[in-house]
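Inspection log for the structure reproduced underneath, given as structure tokens.
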Amino acid sequence: MTENDLCSEQELKDASVKLERVKDALNTVIFGQGELIEEVMVGMLSGGHILLEGLPGLGKTSLVKGLSAALGLSASRIQFTPDLLPGDITGNPMLQEVDGERSFVFQQGPLFANLVLADEINRASPKTQSALLEGMQESSVTVMGESHVLPRPFFVLATQNPIELEGTYTLPEAQLDRFLFKILLQRNSVEVLEEIVRKREIGVDAEVEQVLSLKEFTGLTELARKIYLPDVVSAYIARLVHQTHPEEGEDLAKIKYGASPRAALALAGASKARALWQGRPNTSFEDVQAVAYPVLRHRLILDYTARMEGVTTDDVVKALLEKVPVQPQEQPNSLSAAKIH
């Protein structure tokens, strides 16, 4: 990366102003969830798909609707149910008469939008869930041997209920790996509930003004890729992902299967986006540690002993961050090289 490829001070200032407008807009949709808003926006600035998990009624759907309005993105909503078919998502060829001849014409499904809300994704069968795989990875879908390009940018923000709830299916591992982030929504505090009661009514959505154009938002995602990633930080990411494999240490033996190289790329991209969100021209170790939980929690598969003992993937990620030093032991004095603010 050359000097001309890096973010300028003016670009960072302009980005900060735009992102502040987005923060203010989303704060009118979902109250007391600043960390959630940051994680979702960091994920989108990274160009990734996001899985939101939480009990019904915590504002997952409202947040997605607010995002589409604030960012000027075309949006669609797919309500996942057990009887949903793959063609209901991607679209289907329909027999139509054109110039006196009957032929099949592809009719786009709800997947053809900038921002797709896959609501309660784990209530549909695995076969239907897998209809999203090609679109999430390739930004295109293939129907009857014909490929169709999806709009750019393209994001899937899926919501799911905790798997313990009745009528849910576990998402396949290949599907989970396509999500850049898995974000856990926590229940609201008493103070936030009071604010919701004062300012919300059942069945009435919050009105959100568009604060960015599609071009402006796309420019921010391109700027995130220009954030500098120091070699020491990229080396730290590599060691973190490498250490997720159980043969690398007995103290992390509860991991059955570790993270893939896609996880390392996700950590790098999300770290850059977080640095941009905070107005910095380069990533730091703290950026990596901050995004490690949403990037890794759905990519680590634990063995049966962990499940029996109630150990979660977040517990494992915490142990991982404590175990892996930001610098190799033989280079303790170079830590400050990555902390450029």
Side-chain angles (χ1 to χ4, degrees), residues 40 43-53 64 67-68 71 73-95 103-160 168-183 214 217-218 221-222 225 257 259-270 273 294-299 301:
V40 170
M44 293 186 67
L45 289 171
S46 308
H49 309 290
I50 299 172
L51 180 63
L52 301 167
E53 181 178 296
V64 174
L67 278 169
S68 64
L71 302 178
L73 303 175
S74 64
S76 65
R77 181 177 182 272
I78 306 171
Q79 181 63 52
F80 280 69
T81 56
D83 60 346
L84 192 71
L85 298 175
D88 298 329
I89 298 172
T90 60
N92 285 301
M94 305 293 289
L95 189 61
S103 60
F104 284 100
V105 178
F106 179 70
Q107 299 293 319
Q108 295 181 352
L111 200 61
F112 286 79
N114 296 127
L115 181 59
V116 177
L117 169 58
D119 209 4
E120 296 186 309
I121 186 174
N122 59 336
R123 289 201 179 277
S125 67
K127 179 180 179 180
T128 301
Q129 293 171 11
S130 66
L132 290 172
L133 280 175
E134 182 185 0
M136 294 173 66
Q137 181 64 26
E138 308 294 339
S139 293
S140 65
V141 295
T142 302
V143 179
M144 293 185 65
E146 185 177 354
S147 183
H148 304 274
V149 178
L150 296 171
R152 297 294 183 91
F154 174 71
F155 301 98
V156 173
L157 268 69
T159 69
Q160 76 168 14
T168 57
Y169 298 83
T170 302
L171 268 66
E173 287 77 10
Q175 175 78 56
L176 283 171
D177 201 33
R178 272 17 179 229
F179 286 103
L180 177 83
F181 278 0
K182 178 181 178 182
I183 300 174
L214 178 59
F217 175 70
T218 302
T221 62
E222 293 173 352
R225 289 194 288 270
Y257 297 108
S260 68
R262 186 181 284 120
L265 295 175
L267 284 171
V295 167
L296 295 176
R297 63 165 53 106
H298 58 297
R299 290 185 164 96
I301 300 177

How long is the gap from [atom1] on [X] to [atom2] on [Y], to the nearest 0.5 Å?
X: F155; Y: L71; atom1: CZ; atom2: CG; value: 8.5 Å
X: R178; Y: L51; atom1: CZ; atom2: CG; value: 14.5 Å
X: F80; Y: L132; atom1: CZ; atom2: CG; value: 4.5 Å

Least distance between heavy atoms, [X] atom then [Y] atom:
X: V143; Y: F106; value: CG2-CE1, 3.7 Å
X: G48; Y: L180; value: CA-CB, 3.8 Å
X: P110; Y: V116; value: O-CG2, 3.9 Å
X: A113; Y: S76; value: CB-OG, 3.7 Å
X: V149; Y: F112; value: O-CE2, 3.5 Å
X: H148; Y: E146; value: CD2-O, 3.3 Å

Those residues that, when tested against F154, pass ring pair (Phe, Tyr, Trp, His ring centres under 6.0 Å) (two or more places apart):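 Result, ring pair (Phe, Tyr, Trp, His ring centres under 6.0 Å) vs F154: H49.
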Residues which pass salt bridge (Lys or Arg N to Asp or Glu O under 4.0 Å) with R299, listed by chain and number, not counting sequence neighbours: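 R299 satisfies salt bridge (Lys or Arg N to Asp or Glu O under 4.0 Å) with D177 only.
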Heavy-atom check, side chain of [X] versus side chain of [Y], under 4.5 Å:
X: M44; Y: L73; answer: yes
X: T218; Y: P153; answer: yes
X: E134; Y: S140; answer: yes
X: I78; Y: L84; answer: yes
X: V40; Y: L52; answer: yes

Do you know which of H298, R297, Q160 makes side-chain hydrogen bond (donor to acceptor under 3.5 Å, both in side chains) with E53?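 When H298, R297, Q160 are each tested with E53, the side-chain hydrogen bond (donor to acceptor under 3.5 Å, both in side chains) holds only for Q160.
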Taking side chain to side chain contact (heavy atoms under 4.5 Å, CB included) as the criterion, tell me which of L157, V64, T159 meets it with I50.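 Passing option: L157.
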Does anything in residues 80-93 form a side chain to side chain donor-acceptor pair (under 3.5 Å)? List the pairs, not counting sequence neighbours.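 Applying side chain to side chain donor-acceptor pair (under 3.5 Å) to every pair that reaches into residues 80-93, excluding sequence neighbours, yields T81-D83.
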Using modelled atom types and a 3.5 Å cut-off, is there a donor and acceptor pairing between side-chain atoms of S74 and backbone atoms of N114?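 Looks like yes, one N/O pair under 3.5 Å.
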